[in-house]
Every structure is written in C-alpha cells, then in structure tokens.
Participant: 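Provided herewith is a single structure, encoded as structure tokens, for subsequent inquiry.
Convention: sequence-line order gives letters A, B, ...; per-chain numbering from 1.
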2 protein chains.
Amino acid sequence: MRVRLEDVARATGVSPKTVSRVLNEESSVKESTRQRVLAAMESMNYRPSPAARGLAGSRSFLVAMLYDNNNNPASTYLAEIQDGVLDACDAHRYSMMVSPVRMRDKDFTRRVDALVSDHHVDGVVLTPPLTDSAPLLQRLKEHGVPHASISPVQHKGTIGVCMDEQQAARALVEHLVALGHRRIAHIVGIADHGASRWRLAGYKDALAGAGIPLDPDYVVQGEFTFGSGVIAARQLFALPALPTAIFAANDDMAAGVMWAANERGLKVPRDLSVCGFDDTPMAVQLWPPLTTVRQPSREMGKLAALQLMDLLRGRGPGLLVQVPYELMQRESTAAAP
Amino acid sequence: MRVRLEDVARATGVSPKTVSRVLNEESSVKESTRQRVLAAMESMNYRPSPAARGLAGSRSFLVAMLYDNNNNPASTYLAEIQDGVLDACDAHRYSMMVSPVRMRDKDFTRRVDALVSDHHVDGVVLTPPLTDSAPLLQRLKEHGVPHASISPVQHKGTIGVCMDEQQAARALVEHLVALGHRRIAHIVGIADHGASRWRLAGYKDALAGAGIPLDPDYVVQGEFTFGSGVIAARQLFALPALPTAIFAANDDMAAGVMWAANERGLKVPRDLSVCGFDDTPMAVQLWPPLTTVRQPSREMGKLAALQLMDLLRGRGPGLLVQVPYELMQRESTAAAP
DNA sequence: CCGCAAATTGACAGCGCTGTCATTTCTGTC
DNA sequence: GACAGAAATGACAGCGCTGTCAATTTGCGG
C-alpha cells in the first residue's frame, strides 16, 4: 500500500534508522549510503508520514502563521504574506497552519496553547501587530516555541524581516517637499503599531530636514482603515489653512482621503496631493493612481519563514533581515497649487 | 507531562478504548460512563494528539482548502472564505490546511496527492474555479476524498454552498432598466467560471424581460481583473453609441470601468451608471460607492465546511445549501441620461 | 598488522491513539 | 430464574517513525 521508511531501508539494504537519518539530514551518514538511500526514496516515490514523524519525534515540521483577526491589517496584505510563508514551506517540506487570533479577547493566547500542545508546531510566524504582544511572546517563550516576526517593533533579539519604514516615509515626504509642498499633513495609524510610529517619525524627519515647522493640527489620528481616512481627511479639510498634501500612513487611509476629497470637490492632485504606504493592489486602481511606498509583502513572508526554518533546522542562528523599500511615484502627487 | 488518553482512562476507571470511543462520539457507550469520561477529560484538560489519532486511525481531522493561485479570484474574497472555513473547523475541532494550486500547471493535481497521501486530509473545500476542474475532481475521487464546493457550476451530486447568481444578476440589471437604461453593456468574466455564465445569463434574462434586444457589441470579454475592466470599458467607449450603463461581472472590473470613465472624462453616475458583483470591501471605497450584489463569502466558506464535516462525521448526507443574495444599491447607478 | 578513537550503522522500544475481535454485562422473555 | 441476543467494555497489536544506546566498521599511528 503505502511506501514506508522500512521499505526504502529494505530496498537499500540498510536499517530503517539509517534511512531516517538521511531523511532528517543528519551528518553522520556516509556520503555513498546517503546517495543510495536518496536514490531509492526517489525511485520508490517515498513520502514520509507527517503524523508518524510528529508522534515519534520531537519535531512536527509544522509552522503556524498567526494574525490578528479583529480587522487589521488589510486582508490583501495578510494574503500575500501567507503566500510567501507557503512558498518557504514548500521549499523545506514544512506544512503551515493559519491561525487567526483576536487580540482583544482576554485569553487570546489560548489559541497558541492549542497550536502548541495539540499540533506541536515547531515555530510560529507573527504578523503585525502580534509581533509585539507581550502576553503572546511570553506564552511562546513558556512553550519554548521560536518565532519569526514580520515588521516587529522590537528589533533586538528578534528574528524575521523588517523594512526601514522610517526612511521610506521620510523619502516619501521629501518627495512632496520637492514638489513645493509646505503644508503637509499626516494621518497616523493605530497607535501601538510599529508602522504608525515609524511612518510618523519619517514624516517628522523630512519636515525637520526641510526646515518646515511641525504643525500639530496637521497630524491627525487614523486607524489604518478606509473609513478612518475619510474622517481624518474631513477633519483636515475643516482647518482654516488646508494642507496641500496629505501623507496617509497606509493605502487604505489614502483611499479614504481621496474619497473625502471627491466628496469635498477637491481635485487630486491639482488641489491636493495624496500619498499612502504599502502599495497594495488598490493603489493603482484608484483614480488617480496613488503615490506610495512599495512593501514586498510576499517576499517578506517568505523571508521571515525561511529565517525561522533555518533556525529550526539548525542552519544558522536566524536573523532579522531587512528588505528594501521602493518609492512608487504615481499621479496622486503633483506640484503644490 | 502530557495528559494522555490512558490517564483519563485510569482516572475514570475504564479502559483506554472506552475513552477513545467517547472521544470519537461512538454510540455504543453507556450514557453514564460517557458523562464520567467527559468530566474527567474536562477536569484533566485532556487534549487528544492529532498526530497519534492520524497515525493510528483512519481519520486525520484535517481538511484542506484549495484555491487557484494564478490570480483569481480576488484575495479578499478568498481571505473571507478562509475565515469562514476556520470558523467551521473551530466548531468541530478540525484543523485546516490551505493549499494554493496553479491550475495552469500541467500536473497541478500533484498538490492534491501530497495533501492526501502525506497528510491524509479527511476532506477538501474547493473554491472557484477549482470546483469544476475535471482532473482535480477525478483525482479526489481516486483518492476517495470527499469535497465541498463553493459556488460550483455543476450542482448535481455536489455538496457545498451556492447562491442564485443568475437571479441576482437579473435583479441588478432590472434595477438599471427601472432607472430608464436601455443601452446596458455587460463585461463578462473568465469564460469557464460558473460565475461568468450565471451573471451573463441573468443579464440576458433581464434584457429579455424588458423587451430590450441583445446587442452583441455591448457584451465584451473581461478576466475578472481590474485591468481587464479598464480595457473592456475602453472598448465600449469606442462604440458609436455609448452604453448608458455597464454591468461588470465583478467589483474589480467595475472599479476598472470607473477608472476608465475617469480617464475618458465621463462622470459616474451622471454620464454612466456602473455596477459590479460581489460587494467586496472595495465597493464602498470607490467614488461614487458601487452598486453591486452582496455575496456573504465568509458565511459561504463556513457553510460549505460545515456540510463537509457533517458528511465526514456521518451526520447527514451533505447538502448543497443556497444562501440569499442582497442587492446593494449605492451611488454609482442613477437615472439614464 | 594491531590497537584505539572516531565514524557509521543497527536493534529495539515506544510515541498516543484506534481497529479488530473477544469478553463481559445487561435486557427482556417465558 | 435460566437463556438468547443485544449492549457495553476491554485486551492487544500496531500505525510509521525517531530516540537511545549498543555494535560494528573505518581510519590511522606505530
């Protein structure tokens, strides 16, 4: 029926344990035997049973991707990350489970317990804002389960992937300054997200660099959602001196700004320049297409998962790798009126 | 260390096999024993090992959700379905794996083989357009793995969930007719998707019902993507007699139409009414907000998975349940000019 | 050619559960 | 109250793999 380890062993003339060693890439196997075993596995189309490996061994070859299910961040972002993690899993014969958690719930770490004690996941990939949830990190540590983070706030001692968002935001705002804008507003994201802080910091850096004083009225709070972008924009439009450019901390809010601009009869970019952050698919679907910063989400998911697996497989220590950003100049920004 | 079945058995004073029976909801256990065992499980916080169950038994308590990774349909749609399937899994203590497949690849059914022979998935949830891929269905049948489909073309003998898309499309177009439109165009989706056929059929029904002759020039081919919507719209705008309304087979293409309308200087809905299908989050983020048909994706994912699990657990035969649609009238449609 | 440490390999038990089949305990019946 | 048949329970092996530790082979200096 099913080809088992034992069958491969018999075909090769070695013990099952040796085949097991080859399967697990242990070093203490003579190269010649290794080749023979590998050849037999290949020709017999051997596929190890994850259940048996999980039951007998200490590893499950399972990683879980956790995400906050409350609403944020945008589902396209998560979907891309998920695909990236799956890419990495394919490459190293790991399987992936996805697990939404509701951070608002008091005992949301229960989910982690289930994942760890039921499925014995070997590691976990964390997406924002889970990356910096103290109770979650604590629980993972208690379980002894390593994790990789995507865009974590805390860089020290963390493995995963990040981007220099502050620098990216700065570059974006400098682009606005170069277009002659002086009254530049910023819509901040959810407070405890690293992304919000970095993007705000980059905004401030750019203003300071250009010698533009920071006007508190021009910095309004949003929540990363389209609707919050609309509200924030209306707030800005109510100011005595309207900004000539608005930098929203993500594309969703930027879309909201453009919506509110339409509502108000402002023409983008003639009357108002708008830019966002993330370069979600929506960015090019807006009219006019949105100037934003491209974040390679799928790549980031893949890299984070690869770092995690390197760690799990004892290949290297696991790093926090940095990916480059890219400024996407489109038609939503133009010279100041 | 870990609480095992045996521990529960000892605590209750029964054999491990009896505890196993309770765990698996077998009927041949006296109610009183069942209660005692259940109580012990609860108080000892017993959690069965999926690996051991999978290895020893014939069931894995795993379902897989398959989707086409080429690009379609929109990731937000899939994400919602995924959340729905996860809801159902939570309810019945199943686990879920997600598996993107590339239908274009010649041997994309390999993925299924891996899922089935490696992980022994008990069942599979199919999303469009996988629901009607003959090679895939064939492979599943060979493996003896049941599946539930979301919006399958072939209703007969299929379990899962569907919506009366034809009727919904008809209602949508009738809405346009009621607004006085006579020159109504339709942008068709990818040819072999059921959604494309139904929506086209509903469009034709409505026209016929209103006594409007079908003009082949007004039916153009799209691919469900934003870009294809733009192209299709340009094509329609090149016609001698411009349509006064365009019904795109999904929201993405409708967004493309609105983009092209902007490009062409047409004002929606004054010069042109536009409507889509699906009610993705984007629909309310467009300017003006898009008239469309709401499809309860998450609910559909959940229902399909529940039907599958009912079947797997021997509870009922597994049905094809129908969910209601809802017409979302927004500002992108108005009286004909 | 021998002895010893290092490199390879193997024997065996057991991970936590369920399938099979045997056994015990109830039912209701006359 | 004895008995057939149904209901409930248990004994035991084994799912396919890996951890532990022992056995064997190899390489090398003398």
Participant: For B:Ser28, which contact category applies under a 4.0 Å heavy-atom criterion: base, sugar-phosphate, or nothing?
Facilitator: base
Participant: Go nucleotide by nucleotide along DNA chain C from the 5' end; which of A:Glu31 and A:Pro16 gets its closest nucleotide reached first?
Facilitator: A:Glu31
Participant: With a 4.0 angstrom cut-off to heavy atoms of chain B, pull out the first and last contacting nucleotide of DNA chain C, in 5'-to-3' order.
Facilitator: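 Contact span on the strand: C:dG16 to C:dT20.
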Participant: For residues 39-47 of chain B, which side-chain donor-acceptor pairs fall under 3.5 Å, sequence neighbours excluded?
Facilitator:
| from | atom 1 | to | atom 2 | distance (Å) |
| --- | --- | --- | --- | --- |
| B:Ser43 | OG | B:Ala40 | O | 3.3 |

Participant: In plain terms, say whether B:Asp68 and B:Arg102 are close enough for a salt bridge, that is, a side-chain N and a carboxylate O under 4.0 Å apart.
Facilitator: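 Between B:Arg102 and B:Asp68 there is no salt bridge, as every charged N stays at least 4.0 Å from the carboxylate O atoms.
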Participant: Name the nucleic acid region contacted by A:Lys30, choosing base, sugar-phosphate or nothing; use a 4.0 angstrom heavy-atom cut-off, strictly under.
Facilitator: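 Sugar-phosphate, no base atom in range.
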Participant: Specify the residues of residues 50-63 of chain B, ordered by number, for which at least one heavy atom lies under 4.0 angstrom from an atom of DNA chain D.
Facilitator: B:Leu55, B:Ala56
Participant: Can you tell me how far apart CD (A:Gln82) and NZ (A:Lys302) are? Round to the nearest 0.5 Å.
Facilitator: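 Rounded to the nearest 0.5 Å, the CD-NZ separation comes to 15.5 Å.
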Participant: CD1 of A:Ile150 to CG of A:Leu303: how many Å apart, nearest 0.5 Å?
Facilitator: 9.5 Å
Participant: Can we say B:Glu31 and B:Arg36 salt-bridge, meaning some charged N sits less than 4.0 Å from an Asp/Glu carboxylate O?
Facilitator: no
Participant: Any side-chain to backbone donor/acceptor pair from A:Ser60 onto A:Leu62? Under 3.5 Å, distance only.
Facilitator: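 Yes; judged by distance alone, with no hydrogens or angles, the pair exists.
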Participant: Heavy atoms only: give me the nearest B:Val29-B:Arg34 pair and the separation to one decimal.
Facilitator: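 It is CG1-N, 4.0 Å.
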Participant: Looking at A:Arg111 and B:Asp90, is there a salt bridge between them, counting it only when a charged N and a carboxylate O are closer than 4.0 Å?
Facilitator: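 The answer is yes: the pair qualifies as a salt bridge.
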